[in-house]
Amino acid sequence: MMVIRNEGQWDRRRVEEITREAFYNLHVPGCVEHYLVHVMRGHADFLPQLDFVVELDGQVIGNIMYTKAKLVDEAGTEKEILTFGPISILPKYQRQGYGKALMEHSFYQGAALGYDVVVIFGIPGNYVGRGFCSCKRYNVCLENGAFPAALLVKELRPGVLDGRRWFYRGSPVLHVDEAAARRYDETFPPMEKRRLPSQEEFYILSRSQVLD
């Protein structure tokens, strides 16, 4: 039986272990995502109402976490939005619908809280099936005017983004102190750092932009 519920304090270390296992060697040798989970919970932008775990037969196998972010238009008008990440599913349960269930549940709950836009950085193939589109389609860019290929946008209320140019500002908690992350990683059982093809894919995508 699958259950989705809010993360409890008793889940925290297990969620970090799951995040570490899901991301280790995926984007770079090792990972920092479990440290991000650790520090995110204490940040002002963290949204505990949208911090969910998925259980399968009573065992936690995945997690999704949200922080507040902003869109700012060219007149300086600010719009508070959502961003999620990490979203983590234990590798042996990936591609079985658990991540999809977590996202859909969190979208519904986010909309119930009054949010109407989600912006993330992610691999498009993982998210276009959940209603995310290129940032270019919604005229959402970084503060330097760039439209990264990995910057994806989903409207929780159709039509809320009206075509004006929006500049995305994520939470500062997402800027990870890599030295602190390495120290925190040493509190977990050792894992072998390896170079994998997925890291080159991430390198290319993370430096790519959508052009006219």
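All values below come from the heavy atoms of this structure, side chains included, with hydrogens, waters and symmetry mates left out. Bear in mind that the values here come from a model prediction, so they are computed numbers and not experimental data.
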Should [X] and [Y] be counted in the same cluster of Ile, Leu, Val, Met, Phe, Trp and Tyr side chains packed under 4.5 Å apart?
X	Y	result
Ile87	Leu90	yes
Val128	Leu102	no
Met65	Tyr98	yes
Ile18	Ile4	yes
Phe84	Leu174	yes

Flag side-chain contact, heavy atom, 4.5 Å: [X] against [Y]:
X	Y	result
Ile64	Met103	yes
Leu151	Phe147	no
Val39	Val173	yes

Is it the case that Arg194 places NZ or CZ above or below the six-membered ring of Tyr24, under 6.0 angstrom from the centre and within 45 degrees of the axis?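 No, a cation-pi geometry is absent between Arg194 and Tyr24.
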Check for me whether Lys154 meets the cation-pi criterion with Tyr127, that is, NZ or CZ under 6.0 Å from the six-membered ring centre and within 45 degrees of the ring axis.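 No.
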Expected output: side-chain [X] to main-chain [Y] donor-acceptor under 3.5 Å:
X	Y	answer
Thr77	Asp73	no
Ser198	Leu26	yes
Glu55	Gln59	no
Gln94	Ile89	yes

Looking at [X] and [Y], what are the two nearest heavy atoms and their distance?
X	Y	answer
Gln49	Asn6	O-ND2, 3.2 Å
Leu152	Pro124	CD1-CA, 3.9 Å
Cys135	Pro148	SG-O, 3.5 Å
Glu143	Phe167	CA-CD2, 3.9 Å
Ala22	Ser88	CB-CB, 4.1 Å
Pro172	His43	CG-NE2, 4.0 Å

For residues 110-118, please give each side-chain donor-acceptor pair under 3.5 Å, one per line with the distance, not counting sequence neighbours.
residue	atom	partner	partner atom	Å
Tyr115	OH	Glu80	OE1	3.3
Asp116	OD1	Lys79	NZ	2.8
Asp116	OD2	Lys79	NZ	3.1
Asp116	OD2	Arg157	NH2	3.3

Tell me whether [X] at atom [atom1] has more than 12 heavy atoms from other residues, nucleotides or ligands lying less than 6.0 Å away.
X	atom1	answer
Gln96	CD	yes
Tyr203	OH	no
Arg137	CZ	no

Between [Y] and [X], is there a salt bridge with N-O shorter than 4.0 Å?
X	Y	answer
Arg164	Glu74	no
Arg41	Glu7	yes
Arg5	Asp11	yes
Glu17	Arg14	yes

Report the distance from atom [atom1] of [X] to atom [atom2] of [Y], rounding to the nearest 0.5 Å.
X	Y	atom1	atom2	answer
His27	Leu196	NE2	CG	11.0 Å
Leu50	Ser106	CG	OG	7.0 Å
Asp185	Arg182	CG	CZ	10.0 Å
Leu82	Tyr66	CG	OH	6.5 Å
Glu104	Gln109	CD	CD	12.5 Å
Ile120	Thr83	CD1	OG1	7.0 Å

Go through Trp166 and Asn139 one step at a time and tell me if the side chain to side chain contact (heavy atoms under 4.5 Å, CB included) criterion holds. CA-CA 6 Å; Trp166 294 97; Asn139 210 13; 5.7 Å; no
Over 60° means perpendicular and under 30° means parallel, so tell me whether Tyr184 and His34 are parallel, tilted or perpendicular.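 Rings of Tyr184 and His34: tilted, as their planes differ by 30° to 60°.
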Quick one, Arg169 with Val72, criterion side chain to side chain contact (heavy atoms under 4.5 Å, CB included). Give me CA distance, side-chain angles, the key distance, then yes/no. CA-CA 8 Å; Arg169 293 180 183 171; Val72 183; 3.8 Å; yes
The test is side chain to side chain contact (heavy atoms under 4.5 Å, CB included); show your working for Asp51 and Asn63 and say whether it passes. CA-CA 7 Å; Asp51 178 12; Asn63 170 256; 3.1 Å; yes
Side chain to side chain contact (heavy atoms under 4.5 Å, CB included) between Tyr35 and Arg183, intermediate numbers included: CA-CA 9 Å; Tyr35 176 71; Arg183 291 192 296 270; over 6 Å; no
Can Ser171 and Asp45 be counted as having a side-chain donor-acceptor contact under 3.5 angstrom?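 Yes, Asp45 and Ser171 have a side-chain donor paired with an acceptor closer than 3.5 Å.
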